[in-house]
Amino acid sequence: MNFGENWLKNHYICGNFFITCMGKYNFDEVVDRQGTLASKYELLGELFGRKDLTPLWIADMEFAVCPEIVQALQQRISHQVYGYSVPGKGYWDSVIAWLHRRHNLDVTREQLAFVPGVVRGIAYALNFFTRPGDKVVIQPPVYHPFRLVTEGNDRIVVENPLIPGDDAFYKMDLEGLEDIFAHERPKLMILCNPHNPVGIQWDAETLREVARLARRYGVIVLSDEIHGDLMLYGRPHIPFASVSEDAAAVSVSFGAPSKTFNIPGLVSSWMMVPHKGLREPFFRWMEANEFSSPFFSATVGTEAAYTYGEPWLNELLPYIEGNIEAVEQFVAAEMPQIKAVRPQASFLIWLDCRELGLPQDKLVDLFVNEAHLALNSGTMFGTQGEGFMRLNVAMPRAELLKALKSLAGVLQCRYTKAAVAAD
């Protein structure tokens, strides 16, 4: 029996992982995405040097979209005119109701604006609130567009790296942050809450301290909360703007249904700015440049997601938790040289591969050219990601375990050869 097959066979027989409890939605269904120009597949050759890979990288899911979203879009698209459109009251009501229902966050209509994607929203805020040469704080290892959008707009990145713990989890360096605020005098900080790639939901005390420091030193905080709906194991999302008056005064927060409901192709996001002094000039600038004018597909899909998609999400989250646990158990049993850092939010696992003792280029080569798997390299998120890989587990469980088995086989072959050579 090949490496890993005994574990898979036992768990298949027991029904713990392959045979899942079926609700209304079938997340075990394999959806063929070929021919849809999906970035996850189309860019494999360009980014990884070959196309015969299982894509476990970019953060979209392999699951079929909630049927009510599809139905709403089909109904609108069946109309014979695709003219200019405005977001209806139902769209804004659905966003406001969702934030109240899911996160106990009360938002008014005037505090909200549409943005065509969270990264674009961050870019708009960066260009409005800063000038070329201004400094912007990020906390690596962190979502790489934070660096790209800052440097691409001729601003200067200042790093406040996260502090790693013994278990490869992290905490925020608040002393380092204050030192940067006091001496580097940045105009902005980009906060990832929950934090990607590690999956940390920052606690309220940490967020309050960030807000206190930001207000004291005159720093605006852009809070990317796109993964906030995907909280795991009963943990609540804590919106940055909600933790204190300081946070409300300094924050520009971004969210979206895109990760939550697997609809990033609709390019629908929103931003929330509680403080009138920040909000009014920024929103005027957005409107003057038509940056906050949504496409009808975005508003229709979002309204359907927030209005009808909650049962789908409530079934999705336990499935993702099951996938995470399956990865943890498989890795512990068959690849003990790798450690899976359990996320508190979202469907991304930070894999600690440092015990393999490979430089990052060789580690990536092992995954890509030996195991035929496409994961995000840890160094994409900063030099602090050396020795790590980011794994997307939002896919049918059987397919996920098949991919892990491929990696386990490669490692077994390597260690067998090393043992023979040592003898």
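This structure is a prediction, so every number in the text was calculated from the model and none was measured.
Between Gln201 and the choices His195, Glu225, His227, His237, the side chain to side chain donor-acceptor pair (under 3.5 Å) rule is met once, by His237. Exactly one residue among Phe283, Trp285, Phe282 makes a ring-ring contact (aromatic ring centres under 6.0 Å, His included) with Phe291. That residue is Trp285. For the ring-ring contact (aromatic ring centres under 6.0 Å, His included) test with Trp98, the passing option among Trp270, Tyr308, Phe261 is Phe261; the others fail.
Note that CG of Asn193 is 10.0 Å distant from CG of Asp203, once rounded to the nearest 0.5 Å. Separation of atoms CG (Asn153) and OH (Tyr124) is listed at 11.5 Å; rounding is to 0.5 Å. For the atom pair SG (Cys192) and CD1 (Ile138), the distance works out to 10.5 Å, reported to the nearest 0.5 Å. In this structure, CG on Leu112 lies 12.0 Å from OG on Ser292, to the nearest 0.5 angstrom. In this structure, CG on Asp173 lies 4.0 Å from CD1 on Ile163, to the nearest 0.5 angstrom. Taken to the nearest 0.5 Å, the NZ atom of Lys187 stands 11.5 Å off from the CG atom of Leu126.
Side-chain contact check for Ile180 versus Met189: every heavy-atom pair is 4.5 Å or farther apart. Contact annotation: the side chain of Tyr84 never approaches that of Ser293 to less than 4.5 Å [non-hydrogen atoms, C-beta and beyond]. Two residues are said to be in side-chain contact when any heavy atoms from C-beta on lie closer than 4.5 Å; Lys40 and Glu62 meet this criterion. Here the side chains of Tyr143 and Val119 are in contact, with some heavy-atom distance below 4.5 Å. Within the 4.5 Å cutoff, no side-chain heavy atoms of Thr379 are placed close to those of Val364. Using a 4.5 Å heavy-atom cutoff, the side chains of Phe48 and Pro55 are not in contact. Taking the side chain as every heavy atom from C-beta outward, Ile238 and Val243 approach each other to under 4.5 Å. Between Leu162 and Val142, every side-chain heavy-atom pair lies at or beyond the 4.5 Å cut-off.
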* **Trp350 and Phe381: CA distance, side-chain angles, deciding distance, ring pair (Phe, Tyr, Trp, His ring centres under 6.0 Å) verdict** => CA-CA 11 Å; Trp350 195 229; Phe381 307 99; 5.8 Å; yes
* List the steps and the verdict of side chain to side chain contact (heavy atoms under 4.5 Å, CB included) for Phe114 and Trp92. => CA-CA 9 Å; Phe114 174 87; Trp92 293 114; 4.2 Å; yes
* Residue pair Val327, Asn323: steps toward the side chain to side chain contact (heavy atoms under 4.5 Å, CB included) verdict -> CA-CA 6 Å; Val327 170; Asn323 276 5; 5.6 Å; no
* side chain to side chain contact (heavy atoms under 4.5 Å, CB included) between Asn392 and Asn376, worked out -> CA-CA 9 Å; Asn392 180 346; Asn376 292 100; over 6 Å; no
* To do: Please report the C-alpha distance between Thr54 and Lys402 in whole Å, then the side-chain angles of each, then the deciding distance to 0.1 Å, and finally whether the side chain to side chain contact (heavy atoms under 4.5 Å, CB included) criterion is met.
  => CA-CA 10 Å; Thr54 300; Lys402 187 187 300 182; over 6 Å; no
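When all heavy atoms of Val267 and Gly117 are compared, the pair lying nearest together is CG1-N, 4.0 Å. Closest approach of Arg208 to Ser244, counting heavy atoms only: CG-CB, 4.1 Å. Pairing each heavy atom of Asn160 with each of Gln139, the nearest pair is ND2-OE1, 2.9 Å. Listed here is the closest heavy atom pair of Val219 and Leu188: CG1-C, 3.7 Å. Ser297 and Leu266 make their closest contact through O-CD1, 4.0 Å (heavy atoms, listed as atom of the first residue, atom of the second, distance). The two atoms that bring Ser269 and Ala256 nearest to each other are OG-CB, 3.4 Å, heavy atoms only.
No donor-acceptor pair closer than 3.5 Å links the side chain of Asp224 to the backbone N or O of Ile190. Glu399 places no side-chain N or O within donor-acceptor distance of the main-chain N or O of Asp28, the cut-off being under 3.5 Å. In this structure, the side chain of Asn262 engages the main chain of Met61 through a donor-acceptor pair within 3.5 Å. Counting only distance, with no hydrogens or angles, the side chain of Arg390 and the backbone of Leu375 share no donor-acceptor pair below 3.5 Å. In this structure, the side chain of Gln360 engages the main chain of Gly387 through a donor-acceptor pair within 3.5 Å. Between the side chain of Arg155 and the backbone N or O of Thr130, at least one donor-acceptor pair lies under 3.5 Å. A donor-acceptor pair under 3.5 Å is formed between the side chain of Gln111 and the backbone N or O of Thr108. Not one N or O on the side chain of Arg109 forms a donor-acceptor pair closer than 3.5 Å with the backbone of Ile96. Put simply, the side chain of Tyr217 never gets that close to the backbone of Arg185: no donor and acceptor are under 3.5 Å apart. Between the side chain of Ser346 and the backbone N or O of Leu230, no donor-acceptor pair lies under 3.5 Å.
Between Glu209 and Arg212 a salt bridge is recorded (basic side-chain N to carboxylate O distance below 4.0 Å). With respect to the salt-bridge test (charged N to carboxylate O, under 4.0 angstrom), the residues Glu287 and Arg284 do not qualify. Look at Glu315 and Lys24 and you find no salt bridge, because none of the NZ, NE, NH1 or NH2 atoms lies under 4.0 Å from a carboxylate O. A salt bridge is absent between Glu110 and Arg279; no separation between the charged side-chain nitrogens and carboxylate oxygens falls under 4.0 Å. The pair Arg235-Glu321 fails the salt-bridge criterion, with no side-chain N (NZ, NE, NH1 or NH2) lying under 4.0 Å from an Asp/Glu carboxylate O.
The neighbour count for Glu184 CD, taken as heavy atoms of other residues, nucleotides or ligands under 6.0 Å away, is above 12. Annotation: Asn369, atom CG; neighbour count of heavy atoms from other residues, nucleotides and ligands within 6.0 Å is above 12. Other residues, nucleotides and ligands contribute only 12 or fewer heavy atoms inside 6.0 Å of the CD atom of Glu205.
Ring geometry for Trp312 against Tyr25 counts as perpendicular: the plane angle is over 60°, on a 0 to 90° scale with 30° as the lower cut.
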